[in-house]
Number of protein chains: 2
Amino acid sequence: MTGFVNRSHHHSESGARKLDDAIENDPLFLRATARTMMVLSAFHEADRPMSLTEIARTAGLDRSSTQRIVHTLRQLGYLQRDPHDRGYIPGIRIYDHIFDAMRLNDLLQPAVPLLLDLRRNVNERVDLSLIDDLRLVYAARLPPKREVLHAMLVGLSVPIYCTSAGWAMLSHLPEDQARDIIRRSDRRSYTSRTLVDEDAIMEKASMAAQQGYVVAEEQLLPGEIAIGAAILNAERRPIAAVTVTALLSDWTAEDFTHAVAPSLVQTVSALGRA
Amino acid sequence: MTGFVNRSHHHSESGARKLDDAIENDPLFLRATARTMMVLSAFHEADRPMSLTEIARTAGLDRSSTQRIVHTLRQLGYLQRDPHDRGYIPGIRIYDHIFDAMRLNDLLQPAVPLLLDLRRNVNERVDLSLIDDLRLVYAARLPPKREVLHAMLVGLSVPIYCTSAGWAMLSHLPEDQARDIIRRSDRRSYTSRTLVDEDAIMEKASMAAQQGYVVAEEQLLPGEIAIGAAILNAERRPIAAVTVTALLSDWTAEDFTHAVAPSLVQTVSALGRA
DNA sequence: TATTACTGTATCGCTCAGAGATACACAATG
DNA sequence: CATTGTGTATCTCTGAGCGATACAGTAATA
C-alpha cells in the first residue's frame, strides 16, 4: 500500500486500442505524437524507475520505437536516468509544463488567497481539484502543519464516485450525465464504507444539491472525513471543487459539518463569480 | 510585471536550431517527438491562451504541422481550449506527469518532513529546488501563511548566478564548471543589487564553500532576503538546494542569518545523507 | 460596407522520417 | 555455465505525416 490513490483508475483503455481507433478515422491524428505521450504516461503505472522494456510494455509499443522515443525525450530533459542508474524516471523539464498549466489556469490565480482564508478559518487541509471525466485532479493543496509528500502533490487524482467533491460536482450535472459518470467508473471499495451503488451515490449528489455541500466519511481512507462543494462557471456548470479534509479522531461528523460548511460554501461561491 | 521570474531565461537556443543539429548527427533522435514537445513548450513564452499561429511561431513550426500536433495533444487531454474559447492552454493531463515526476523523485519523499521541521523552526518560506543546467527549478514549496499563487507554484525556475541557492550549488562544483555556468547564463539585473560580474559571483560561491550556506539580498526582488545551502549526493555533487526566504522589512541580514543558518545547514546535511 | 487579417478546420499528393527486425556487449541472475 | 535481463546500434523498406493549399467564420480595421 503506497498511500497513493492514483494509478488505480487509469483513463486509458489499454492505451494502444484507443490509438488504433483514432488513426483510422482521424486524418489529423498523429501517431508519433500519441506514442510520445504514451511513453511519458507509462510512468503512471510505475512506483520505481522503469527499464526500456518495461516502458515499452506499459506503453504498448515495441522496444525499438520506445528506444528512439526515450532517447529523444532524454535529450530534451523530459526523461532522465535514475540517480543510481537503475532505470528511467521523468525528467526536470516536466516541471516547466505544470508551471505553465497552473499559471495559465485563470481559476487558480484568484483562488489561492480565498483558499488560504478558508484554511485559516477551519484550520484543516484544504484542496482544490479540477474535473477530468471520471476523476478529480488536485490542482492546489494547502496542507496543515504536519504532512507527508503525497498530501502535498499536485496532480494526485481521486475518483468522482466516492469523494465529497465528486458528489458535489455530480449534483450540478443533469441526472443522465451524472449516472453515466458513475456507471463508467471503476467502482472499487477503498474502505468498507466506500459507496459503490449507483443510487446510493446519486443520493449523496442530491444531498449536495440541497445543501450546497456534502460530507463524505471514510470513502478513500479509514478515519478520514471530508466536506466538498463545487465551483460553477458562468454557465453554471461545475468545473472544479474545494474540499476540506480532517480526521474523525478530531471531529464528530456533525461538529465538523457545522464548523466548516458555512466557510466552504462562501468560498466556492466567491470562486464561482471570479 | 507579472511577478514570475520564469520565461526570462529560456534554455532553448531558438528551438528549431537545436533540433536541426540533433537530427543530422543522431540517428535515434525523433523529429516528431521533439516537435511534439516543442509545441508543449511554446506555452513557456505565453501569459495568455495561445492561438494556433502563435504556437506555430513560438515552436518554430509551420501551421500545418502545428495543427496536427495540437489536434492530437488535444484529443489526449494535454491541451485544451481556454474556457472562453480564446485559444489553447495546457490541459489537465499535464498534472498527471508532474505527479509522477515528484512521486518517483527519491529526494522529495524524505525531504518533506525535514523541510516542514525547518519551516517550523524559522517560520519563513522554505523552498527546495533542483538543479537544471543554468537554472534552479522549485520542486517543493512551503509557503508561509499569506501568499499568492506564484509563490506556491512548483516548476518556477530561477537563475543560478543570482540566487543564494545557486551560489551554494556553485560552491560545490570545480571552479571551471562553476565559471562555465556563470558565463553561459544570461545575466540580467533583476534589481539594482543583482550580481552579474563573474568574479563577484564566484566570491559569493567561495563564501558558501566556507560557511556551508550563503545569503543573498535583493537579487531577484527588492526587499527580499534569502539564505541557501546545497544538498549533495553520495558522490558529493550538488543535486538540489534549500532556500529560506524572508523580507528585509522583517529582519536585518545579520539577525536573519543567525536565526536561520544553523537549522538550514542541519536540514541540508540530513537530506544529503538520505 | 468592404477590407484586411486573423481565427480554426480540412484535403491531398510526394517523400523521407521512422518502424521494426536484428544484432551485440554487458550485467545480473539462475 | 546458460539464461534473461539491461542499454545501444544498424539497416531496409514503406506509409505516416509534411507542408502547400484552400475555405468558412469572426474581428477589427478602413
Side-chain angles (χ1 to χ4, degrees), chain A residues 15-16 18-39 42-43 46 48-76 78-91, chain B residues 15-16 18-39 42-43 46 48-76 78-91:
Chain A
K18 201 170 178 181
L19 204 158
D20 292 348
D21 295 359
I23 289 180
E24 290 293 303
N25 316 322
D26 187 346
L28 287 174
F29 192 90
L30 296 191
R31 186 174 57 155
T33 293
R35 285 176 157 206
T36 299
M37 301 322 285
M38 285 166 64
V39 164
F43 291 89
R48 61 194 160 77
M50 296 184 93
S51 78
L52 201 56
T53 315
E54 283 178 302
I55 297 173
R57 184 169 29 75
T58 310
L61 305 174
D62 62 273
R63 248 172 57 99
S64 290
S65 300
T66 308
Q67 176 191 8
R68 287 188 295 272
I69 295 170
V70 164
H71 173 86
T72 307
L73 288 175
R74 202 180 160 187
Q75 299 292 321
L76 300 174
Y78 291 101
L79 293 182
Q80 59 189 220
R81 294 292 295 176
D82 170 68
H84 308 288
D85 202 52
R86 290 170 306 192
Y88 296 98
I89 56 174
Chain B
K18 202 170 178 182
L19 204 158
D20 292 348
D21 296 359
I23 289 180
E24 290 293 304
N25 316 321
D26 186 346
L28 287 175
F29 193 91
L30 296 191
R31 187 175 55 157
T33 293
R35 286 177 156 206
T36 298
M37 302 322 285
M38 284 166 65
V39 164
F43 292 88
R48 60 194 162 78
M50 296 184 92
S51 78
L52 201 56
T53 315
E54 283 178 302
I55 297 173
R57 185 170 27 75
T58 310
L61 305 173
D62 62 90
R63 248 172 57 98
S64 290
S65 301
T66 307
Q67 176 192 7
R68 287 189 295 272
I69 296 170
V70 165
H71 173 86
T72 308
L73 289 175
R74 202 180 160 188
Q75 299 292 322
L76 300 173
Y78 292 101
L79 293 182
Q80 58 188 222
R81 295 291 296 176
D82 171 68
H84 308 286
D85 202 52
R86 290 170 306 192
Y88 296 98
I89 56 173

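Residue numbers start from 1 in every chain, and the chains themselves are labelled A, B, ... in the order their sequence lines are given, proteins ahead of strands. All heavy atoms count here, side chains included; hydrogens, waters and symmetry mates do not.
- Cation-pi contact between R68(A) and F29(B): absent, since separation from the ring centre below 6.0 Å together with deviation from the ring axis within 45° is not met.
- Atom CG of D26(B) is separated from atom P of dT8(D) by 11 Å (rounded to the nearest Å).
- Side-chain atoms of R68(A) come within donor-acceptor range of the base of dG20(C), with a qualifying N/O pair under 3.5 Å.
- Between R31(B) atom CZ and dG19(D) atom C1' there is a gap of 10 Å when expressed in whole angstrom units.
- Distances from the side chain of L52(A) to the nucleotides dG19(D), dT8(D), dG18(C) place dT8(D) closest.
- The separation between F29(B) atom CZ and dA19(C) atom P is 14 Å, rounded to whole Å.
- Remark: P of dC18(D) and CG of D62(B) are 8 Å apart, rounded to the nearest angstrom.
- Nearest-nucleotide positions on DNA chain D for R86(A) and A32(A) put R86(A) closer to the 5' end.
- Picking from dG18(C), dT8(D), dT9(C) the nucleotide with the shortest atom distance to the side chain of R74(A) gives dT8(D).
- Straight-line distance from the CG atom of L30(B) to the P atom of dC18(D): 12 Å, rounded to whole Å.
- Of the candidates dG19(D), dG7(D), dA9(D), dG7(D) carries the atom nearest the R81(A) side chain, counting heavy atoms from C-beta on.
- Closest to the side chain of R35(A), from the set dT9(C), dA19(C), dG19(D), is dA19(C).
- Residues R48(B) and E54(B) approach most closely at NH2-OE2, 3.0 Å, considering heavy atoms.
- The backbone N or O of L30(B) sits less than 3.5 Å from a side-chain atom of T72(A), completing a donor-acceptor pair.
- Nucleic acid contact for S64(A): base, since at least one base atom lies under 4.0 Å from a heavy atom of the residue.
- One atom, CG of L61(B), and another, C1' of dC18(D), lie 11 Å apart when rounded to the nearest Å.
- Within the nucleic acid shown, S51(B) comes within 4.0 Å of sugar-phosphate atoms alone, with no base atom in reach, counting heavy atoms only.
- Judged by atom type and distance alone, R63(B) reaches the base of dT9(C) through a side-chain donor-acceptor pair under 3.5 Å.
- Nearest-nucleotide assignment on DNA chain D puts the 5′-proximal partner with Q67(A), out of S65(B) and Q67(A).
- Straight-line distance from the CD1 atom of I69(A) to the P atom of dG20(C): 10 Å, rounded to whole Å.
- D85(A) places its CG atom 13 Å from the C1' atom of dC26(C), with the value rounded to the nearest Å.
- Considering all non-hydrogen atoms of both residues, P90(B) and L79(B) come closest at CA-CD2, 4.0 Å.
- Checking dT10(D), dA19(C), dT6(D) against every side-chain atom of L28(B), the shortest atom distance belongs to dT10(D).
- Considering every non-hydrogen atom in both A42(B) and T58(B), the closest pair reads O-CG2, 3.6 Å.
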